[in-house]
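Quick note on labels: first sequence line is chain A, next is B, and so on, each numbered from 1.
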There are 2 protein chains.
Amino acid sequence: MRPTVHDIAAEAGVSLATVDRVLNARVGVRAETRERVQAAVTRLGYVRDVAAANLAKSRSYAIRFILPDGDNPFMHALKAHVLQVGDPATRLGGLERLAVSLDPVPSLDAVALAAALDRAGEQRPAGIAVVAVDAPEVEAAIGRLTARGIPVATLVSDLPASGRRHFAGIDNIAAGRTAGGLMRRFLSGRSGPVAVIAGSLTLRDHRERLSGFADVLAQGAQALNLLPVLEGGDDPVRVEALAGRLIAEVPDLAGIYSLGAGDQGLIRALSAAPERRPQAVLLHELSPHTRQALEAGLVDAVLAQDPGHIARSAVRVLRAFADGTSFDPAQERIRIDIFLKDNLPPG
Amino acid sequence: MRPTVHDIAAEAGVSLATVDRVLNARVGVRAETRERVQAAVTRLGYVRDVAAANLAKSRSYAIRFILPDGDNPFMHALKAHVLQVGDPATRLGGLERLAVSLDPVPSLDAVALAAALDRAGEQRPAGIAVVAVDAPEVEAAIGRLTARGIPVATLVSDLPASGRRHFAGIDNIAAGRTAGGLMRRFLSGRSGPVAVIAGSLTLRDHRERLSGFADVLAQGAQALNLLPVLEGGDDPVRVEALAGRLIAEVPDLAGIYSLGAGDQGLIRALSAAPERRPQAVLLHELSPHTRQALEAGLVDAVLAQDPGHIARSAVRVLRAFADGTSFDPAQERIRIDIFLKDNLPPG
DNA sequence: CAGATTTTGATTTACGTATCTCAGAATCTG
DNA sequence: CAGATTCTGAGATACGTAAATCAAAATCTG
């Protein structure tokens, strides 16, 4: 059997109260006594039963997610996973005393986001997870939370200078480089111009993906020629117009890399003129539309990050910060997934 | 506050004892009373506090992992992750009352494996996780465990006919198809023979990968010519000899797919004659050697399954079976990871 | 309707830890 | 050495659930 606090008390020859004072770092214990207890702890290999401790404390972890509104399918999926993690009927929700709440904010509105962060902080939650927008107001709001001791994790889009404690998302420069590596190999041998469609270059993650991608395309023996970046505002309608013109006007187009959202528009443009489809088409994030396009051969590969993993990871990490415990960085690393038609997860 | 059993009792107008009888499906409750209690449960949205329940039951989950000995780097990594999951100082180990033990068995020895399974079953563990060998003895042993009500999960290599409750590993046919898709695209335009190096075709996962790969290569406009499969017994020395001869004797070799282990030998052979390296080299599993080869450009892509995920997933799933609760299939799905030089996880 | 049987209530103890109180012991201060 | 101060001990209570006992009530059987 695992040793309990009672065993520690007996082993150290002190009372339960003293063991408690040492274990919970309370004042009023002589240094010598403290050491006796700690020696007993290591000798017996005691580890606190976290479940019992939380029961006794009737502690619960309030975690607030602040996510953008709107019709972005990835954000929708993320939202669904957050709700699922917080569901007390699930393992995480039930066993770990979570109280997850979800605050929607208008997409890409820095002022509203900063206000939502301040409001969320008022409730003194155990942690806050937020999809950051790259703006000084947001940076300052996160800084205020951190200063008040509330751990903040950024999701998907990072803001390293804000003082956030953790980022749950992919390395977007590496994602861009990965897209570049795939593009080079998928076009091995041949040359021709390559187009990039972004949402907006004011978005940090889009800028980063672009820089990684451009980097790799410029390297190596035969350099691929990158066309000027098109910005579609993550809007399917605008993306469709841009992609349609692109395909019509650049006859020898070798590849397209869509690094933002609005891919439904790109897919429509591609299926409207299948005979002019470039040799390699890459885009980001799995959704019903992108899955279908991959299966139909309209798209060659999809880069993705797992929204379920992001939601679970953010909760685990914020909990660990709240408790002052550690976590496994390898488990919390969000992978850059590459999906081809053949390794698509079911569903 | 979340409702407790006391609230249920008050709401239903019955005693605590009766609530307990209903919740834990004990006998001696009239159908009508049972329904009153269940109505109160749904009305108040009661969910059992699993942590408190486990504390009261002083339940702990003994989970045995049966893993092959030997110098396979993937199995080493898997072993390390299993030990980490079982460590009571970690979240999973601490919060979830796990008692994980690890039984090593000689690699590829069906008789020893069957004996180990029987021995593990004697202790009546909450669950058993095993890397299956495709043999009737093993199938029978797993069947006996299942018959005794002990849930078994196969890891990495499956044995569907055995009656195992769960498989934690990748779909190897899909992995082979994925490799085929990458090979086709990496060789786009050009033709030439493609070689496959397997460990042994008596291994189910190797056979499956081969069949998926061959399938994809045969499809499509320009068929790639598959050379007869080489079997290297997962042994670096033998693989090196095979690969060396292959590179020397097939001048127009377009690609190599190594679907088993022993890749250190392949990498040595490739670096010995870098000028004759085929255009596309694919292999399985990340290890210090394969990482380095990817970074050096000797290998183009690595297909992988995350051993940490496999270990954690097996524990979660076996726990759920032991409790009769459900789990999230999407979370437990082991992905076919594709790593290029650019999306390699650090470390 | 008496007696047997089934169902229900009331109460207690336990799980491992946290937190509090109050008294007593040990140590320090002047 | 008295008095103040700091440490320590013993005990109680709580967290939410499980599991048991025993008595009382309700229902069924013949």
Side-chain angles (χ1 to χ4, degrees), chain A residues 1-38 40-41 44-61 88-89 93-99 323-325, chain B residues 1-38 40-41 44-61 88-89 93-99 323-325:
Chain A
M1 285 301 285
R2 261 169 66 169
T4 74
V5 280
H6 294 90
D7 301 319
I8 302 298
E11 175 79 11
V14 301
S15 78
L16 211 56
T18 300
V19 172
D20 179 66
R21 289 179 184 115
V22 173
L23 289 182
N24 295 294
R26 299 183 218 288
V27 294
V29 182
R30 241 186 324 169
E32 189 215 307
T33 315
R34 183 178 304 278
E35 275 158 30
R36 279 234 308 284
V37 173
Q38 266 149 1
V41 166
L44 298 186
Y46 169 82
V47 273
R48 174 198 253 111
D49 182 329
V50 193
N54 282 342
L55 176 60
K57 281 193 284 213
S58 38
R59 177 159 188 18
S60 88
Y61 298 82
L95 203 57
E96 316 212 352
R97 313 185 160 268
L98 294 176
D323 281 342
T325 57
Chain B
M1 284 302 286
R2 263 169 64 171
T4 73
V5 279
H6 294 90
D7 301 321
I8 302 297
E11 177 79 12
V14 301
S15 79
L16 211 56
T18 300
V19 173
D20 179 66
R21 290 181 184 114
V22 174
L23 289 183
N24 294 294
R26 301 183 216 287
V27 292
V29 181
R30 241 187 323 169
E32 189 215 307
T33 314
R34 185 177 303 278
E35 275 159 30
R36 279 235 307 286
V37 172
Q38 265 150 1
V41 165
L44 299 185
Y46 169 83
V47 273
R48 175 198 254 111
D49 183 329
V50 193
N54 283 342
L55 176 60
K57 280 191 285 210
S58 41
R59 178 158 186 20
S60 89
Y61 299 83
L95 204 55
E96 315 213 351
R97 313 184 161 269
L98 295 177
D323 282 342
T325 58

How long is the gap from OG1 on B/Thr18 to CZ on B/Arg36, to the nearest 0.5 Å?
9.0 Å

Hey, mind stepping through A/Ile8 and A/Leu44 against side-chain contact (heavy atoms from CB on, under 4.5 Å) and telling me if it holds?
CA-CA 8 Å; A/Ile8 302 298; A/Leu44 298 186; 4.0 Å; yes

Could you tell me whether A/Asn54 contacts a base, only the sugar-phosphate backbone, or nothing, with contacts defined as non-hydrogen atoms closer than 4.0 Å?
nothing

Residue-level proximity of residues 27-38 of chain A to DNA chain C when a heavy atom falls under 4.0 Å
A/Arg30

Using OP1 and OP2 only, check whether a side-chain N or O of A/Arg48 sits under 4.0 Å from C/dA18.
yes

Is the phosphate of C/dG16 approached by A/Thr4 (side-chain N or O, under 4.0 Å from OP1 or OP2)?
no

Name the closest nucleotide to the A/Ala52 side chain, picking from D/dG11, D/dA18, C/dG16.
C/dG16

Considering only C/dT19, C/dC15, D/dT17, which nucleotide approaches the side chain of A/Arg26 most closely?
C/dT19

Determine, step by step, whether A/Val22 and A/Thr33 satisfy the side-chain contact (heavy atoms from CB on, under 4.5 Å) criterion, reporting the C-alpha distance in whole Å, the side-chain angles of both residues, the deciding distance to 0.1 Å, and the verdict.
CA-CA 9 Å; A/Val22 173; A/Thr33 315; 5.9 Å; no

Taking NE2 from A/His6 and P from D/dG9, how many angstroms apart are they, rounded to a whole number?
14 Å

Counting distance only, does the side-chain N/O of A/Arg2 pair as donor-acceptor with the main-chain N or O of A/Val47 below 3.5 Å?
yes

Looking only at side-chain atoms of B/Ala17, point me to the closest of D/dA18, C/dA18, C/dG9.
C/dG9

Given atom NZ of A/Lys57 and atom C1' of C/dA18, what is their separation to the nearest angstrom?
8 Å

Please determine whether side-chain contact (heavy atoms from CB on, under 4.5 Å) holds for the pair A/Glu11 and A/Val19, giving the CA-CA distance in whole Å, both sets of side-chain angles, and the decisive distance to 0.1 Å.
CA-CA 11 Å; A/Glu11 175 79 11; A/Val19 172; over 6 Å; no

Let me know the distance between CG of B/Leu55 and P of D/dA18, rounded to the nearest Å.
11 Å

Here the distance between atom P of C/dT19 and atom CG of A/Leu16, to the nearest Å, is 13 Å

Kindly point out which of C/dA18, C/dC15, D/dA10 is positioned nearest to the side chain of B/Ala56?
C/dC15

Find the distance A/Arg59:CZ to C/dA18:C1' and express it as a whole number of Å.
13 Å

Could you check how far CG of A/Asp323 sits from C1' of C/dA18, rounded to whole Å?
14 Å

Should A/Thr18 be listed as having a side-chain N or O under 4.0 Å from OP1 or OP2 of D/dG9?
yes

Rounded to whole Å, the CG-P distance (A/Leu23 to C/dT17) equals 9 Å

Whether the side chain of B/Arg21 and the base of C/dG9 hold a donor-acceptor pair under 3.5 Å is what I'd like checked.
yes

Quick one: which of C/dG9, C/dA18, D/dT17 gets closest to the side chain of B/Val5?
D/dT17

What is the distance from atom CG of A/Leu55 to atom CZ of A/Arg97, rounded to the nearest 0.5 Å?
5.5 Å

Mapping B/Asp20 and A/Val14 onto DNA chain D by nearest heavy atom, which one lands closer to the 5' end?
A/Val14

Any donor and acceptor pair, going by atom type alone, linking the side chain of B/Asn54 with main-chain N or O of B/Ala51 inside 3.5 Å?
no

